[in-house]
Amino acid sequence: MIRFTWMQFRVLGWLALGGLTIVAIVLAVTGPHLVHLYDTTVANCSAHGDCSAATTSLINYGDKLGIVLKVVVEIVPALIGLFWGAPLVARELETGTYRLAWTQITRTRWMATKLGFLGLMSMTVAGLLSLMVSWWSSPLDRVRMTPFTSFDQRGLVPIGYAAFAFVLGVTAGVLIRRTLPAMATALGGFAAARLVVAHWGRPYLISPLKVTIPDSTIANSGMSPASALAPDPRDWVISNQTINAKGNVIGQFGGVGPNGNVDLSVGSRGMTIKGFGSCPTVHTDTPQAVQRCTNHLGIREVLTYQPISHYWALQWTELAIFLGAAAILSGFCLWWVRRRLT
Amino acid sequence: MTAIIETNELGKQYGRKWALRDCTLAIPEGKVVGLVGPNGAGKTTLLHLAVGLLRASVGSITVLGGRPDDGPAQLAKIGFVAQDTPTYARLSVAKHLRMGAYLHKGWDNELAKHRIDQLDLDPRQKAGSLSGGQRAQLALTLAVATRPELLLLDEPVASLDPLARREFLQSLMEIVANDGVSVLLSSHLVADLERVCDYLIILIASHVQLSGEMTELLGSHWRLTGPRRDPASLPSDQEVIEESHTDKQSTFLVCTNQPILDPAWAVKPVTLEDLVLAYMSNPRRPVHVRAAGLGVVR
């Protein structure tokens, strides 16, 4: 049955292999130069005291291809779901060939082999792609210091996405029985699942940490990037709440109220921050003076964040979630094809 | 008579609609059985139930002594050619044979290759570019080369031109002669069934209207033409299947195993076509014709 599966799948399989090869060649050609550029400029920039020029030139070199790769890694699982998953059963039902296939071999075995073989292929393709892109991007990632922004294009999670997208496509095909609507449904479902997990799941898959720091936003009358405030710039700040002396939340990102505006005035009795109180010892409104006053009044920021040390645990957890969902859907497909598609 | 397919009050329901209902029949072994009936009579449903593509809603079905969904051993006993003879359009003829070899332990590659040679099919040709007749032959080859005990064919020739149809049935008859395989063939083309079948089942609205050996069926039905007459006055052994009357004349199609002695009648044998049409246009209780005479099935 595996040989038969490969026979039917051959064209798509070679296509995927061809695509991977092209990506591999492009990355093999440009990657070493990126590493070289990093080693010769960024690695010893602090000695020359000019790191911004070095990092800018590195990022300029890699950015265009980096964006293309980002799109490729994001889109490949979806394509797998569309073109490998959705037609798998739907096309057999549409063209009537299921009557040939399922009278040659039991449909349980047919379905199990197809799911297993093509599922593994999907994971392999996504895994290889992620591996190549992760390697190629590593100099850029080290310079950017924001690993969580490319979380879903690196490491393990693309494998989970591909497995899930594939099985979701199969499931849509099994239930809808027509290829095109199944493709559309699979695409919508996959995008929705990715979005839900990325926005409402990932931040809390592992309990995030909290840290309370002095509010520096009011004094500097502007918002500082949240990650700059985190213990490590590579940490992923999920939320940044402003609290008062009692610990009540009064705003976001170091600001106060919905606009983040603070009404402060300096008078004879010192600096007054409206709604919080006054600092009799502060008589100027220089940033340092304002900072002293906000500290005195107990205005602080609470950062909720995933530290860089959680990165790989989060990768494994999200991988497990998508693989688990794929396994559950596979079981459902097997059951449905055996019991209900009659 | 051992039955290769036996059903008991078999039914298949889709939502509130019945595709097949109260179907009770027994199909004898070692014969080429024609299953004839109008569209929607449940022929395809019955065949799909027999090969395990469908699951019965009610009743039971036994095929070659086993349940149709009883795993690979059961599937291996049956060769199935589905309606419109589906094949994989993008796979070549040779790849279809390889598929057979991959999926079946008992695959007879010699037989398959021999048939493809005989049919003059190019092994490299994609199945999607074959003519309807060639595709049907390929599907038949796939079914036969698994060396089944029973061949089930669902309207295999319905969409073929007369020449391709004749060639297909020719092939089928050769296979039967060589392998002694039992065949159940559904069709609404009576002339084709007449050519190849030796046993006939008429299925109307999922009920078996008539079943029996072809020769017995033809030998027990007669068309009587004579002066106008009330059908109730016919001898009790003559069952009226169809009647038509003009002012002076009556025509009956009767079923009997007794000689027709009344000299008033002009007695003519019926063709299979007449017979099938008569039963199709006059649905009635099931009749099973045996050499011994008339009998009602169950």
Side-chain angles (χ1 to χ4, degrees), chain A residues 1-16 83-84 86-118 121 173-180 333-342, chain B residues 12-14 19 44-45 47-57 68-92 94-105 107 127-128 135 138-139 142-143 145-146 148 150-154:
Chain A
M1 180 63 204
I2 289 180
R3 287 177 295 179
F4 174 55
T5 305
W6 173 244
M7 194 165 88
Q8 274 192 299
F9 176 72
R10 237 167 39 145
V11 177
L12 286 175
W14 287 122
L15 218 64
F83 294 102
W84 294 6
L88 191 76
V89 177
R91 182 148 299 151
E92 300 268 349
L93 295 172
E94 249 172 3
T95 58
T97 45
Y98 74 97
R99 296 171 298 168
L100 178 61
W102 297 350
T103 52
Q104 305 268 328
I105 181 168
T106 61
R107 58 181 91 176
T108 311
R109 197 163 145 226
W110 184 91
M111 194 72 219
T113 314
K114 293 235 164 187
L115 278 173
F117 181 76
L118 297 184
M121 288 288 287
V174 164
L175 292 178
I176 299 171
R177 301 179 179 213
R178 291 196 300 132
T179 307
L180 272 177
C333 281
L334 274 168
W335 175 79
W336 189 272
V337 161
R338 168 129 179 75
R339 291 280 150 188
R340 302 299 302 271
L341 220 58
T342 52
Chain B
K12 177 67 191 174
Q13 196 177 13
Y14 292 103
T44 296
T45 306
L47 287 172
H48 280 193
L49 285 164
V51 78
L53 280 174
L54 291 178
R55 186 181 299 270
S57 307
D69 61 348
D70 210 18
Q74 178 72 17
L75 281 182
K77 291 192 276 187
I78 304 169
F80 179 59
V81 177
Q83 194 164 8
D84 308 321
T85 57
T87 51
Y88 290 102
R90 284 184 298 187
L91 294 184
S92 67
K95 286 209 172 124
H96 275 87
L97 298 195
R98 264 166 54 200
M99 168 181 85
Y102 289 160
L103 299 183
H104 293 278
K105 282 202 193 92
W107 176 257
R135 218 178 59 226
L138 174 60
L142 290 177
T146 64
L150 168 65
L151 263 182
L152 297 175
L153 301 102
D154 190 6

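Owing to the predicted nature of the structure, the values given are computational and were not obtained by experimental measurement. Every chain is numbered from 1, with letters handed out A, B, ... down the list of sequences.
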message: Let's test your reading of the structure: which of B:Ala101, B:Ala139, B:Pro86 forms the most heavy-atom pairs below 4.5 Å with chain A?
response: B:Pro86
message: Side chains of A:Glu92 and B:Tyr88, heavy atoms from C-beta outward: is any pair under 4.5 Å?
response: yes
message: If we ignore hydrogens and angles and just use 3.5 Å, is the side chain of A:Arg99 paired with the main-chain N or O of B:Gln83 as donor and acceptor?
response: yes
task: Hey, could you give me the CD/NZ distance between A:Gln8 and B:Lys95, rounded to the nearest 0.5 Å?
output: 11.0 Å
- prompt: A:Thr108, A:Thr95, A:Thr97: which one forms the most heavy-atom pairs within less than 4.5 Å of chain B?
  reply: A:Thr97
statement: When rounded to the nearest 0.5 Å, the distance separating OG1 of A:Thr106 from CG of B:Leu75 is 6.5 Å
message: Please report the interatomic distance CH2(B:Trp107) to CD(A:Gln104), rounded to the nearest 0.5 Å.
response: 7.0 Å
message: In the structure I gave you, are the side-chain heavy atoms of B:Met99 and A:Leu100 within less than 4.5 Å of one another anywhere?
response: yes
field: Which atoms of B:Leu103 approach chain A - backbone, side chain, both or neither, heavy atom under 4.5 Å
entry: both
query: Between B:Asp69 and A:Arg338, which heavy-atom pair has the shortest distance, and what is it?
result: O-NH2, 4.4 Å
message: Looking only at heavy atoms and a cut-off of under 4.5 Å, which of A:Ile105, A:Ile2, A:Val11 has the most pairs with chain B?
response: A:Ile105
field: Heavy-atom proximity to chain B below 4.5 Å, by part of A:Arg10
entry: side chain
message: Looking at every heavy atom in both A:Trp102 and B:Leu53, which two are closest together, and how far apart are they?
response: CB-CD2, 3.9 Å
